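Ligands are counted one by one from 1 in listed order, and the atoms in each one are counted from 1 as well. Computed from a predicted structure; not experimentally measured. Atoms considered below: every heavy atom in the structure, side chains included; atoms not considered: hydrogens, waters and symmetry mates.
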Amino acid sequence: MTDKTAEIRKLNLEYSRLPRGRNWTLSDRFVPGEGPVDAKVMIIGQAPGRNEDVQKRPFIGASGKFLDRLILLAGLDRKQIYVCSVVQFFPPKNRVPTKDEVSLCRRFLFRQIEIINPRLVILLGAVACKTVLDMEEVSKIRGSMVRKDGRAYFLSMHPAAAVRIRSKMPLMEDDFRKLRLIIKSADRKP
Ligand code: URA
């Protein structure tokens, strides 16, 4: 077992056993991040949905299917990407995780980023952009690349929003086509 595999296992064990306080209303089931521990690209969503909660796998429901399409548009391969969410327990009725829930989970997210150490992090939606980069108003900054502490971050909307409001799908598709071009031009640089 590699060091990274052991570290991620340890983190998942700790995260899944996060003490549930009296006010805990998230699902009891933990949805671990998925993908190779040496992935160069990491995708971070908001929180698992009902299907993810049942199967304990991230992005396997309707928004996951759309995400698969976006990944292809970017010229990437999901099998080589580490996929997770800011909060890795299903919030009932698919509600947005509360500030308290995010602050309970963020340290685990930051450890995951540190362990995986990807070159590129794709942030999907307001919760991910706010938690990781403290950036708001995703609609204004979507489709852009931000560099911080030697890492590249690509910002887009959350696929669940596009699945709910279909007119947003082409916007996300444009973001990921743009990402393809950014990746291509970065690969061409000596
Ligand atoms: N949305 C997320 O943010 N994460 C999932 O795993 C599924 C949907």
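- From Leu133, atom CG reaches atom CG of Leu155 across 6.0 Å, with rounding to the nearest 0.5 Å.
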> Does the side chain to side chain donor-acceptor pair (under 3.5 Å) test come out yes or no for Asn51 and Arg57, once each step is laid out?
Replying inline: CA-CA 8 Å; Asn51 288 308; Arg57 291 184 58 208; over 6 Å; no
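- Here the straight-line distance linking atom CD of Gln46 with atom OG1 of Thr131 works out to 9.0 Å at 0.5 Å rounding.
- Ring orientation note: the planes of Phe30 and Tyr15 are tilted relative to one another, at an angle of 30° to 60°.
- Side chain of Arg180 to backbone of Leu73: a donor-acceptor contact under 3.5 angstrom is found.
- Near ligand 1, heavy-atom contacts under 4.0 Å come from Gly45, Gln46, Ala47, Pro48, Gly49, Glu52, Pro58, Phe59, Ser63, Ser85, His158.
- Heavy atoms of other residues, nucleotides or ligands lying less than 6.0 angstrom from CG of Asp3 number 12 at most.
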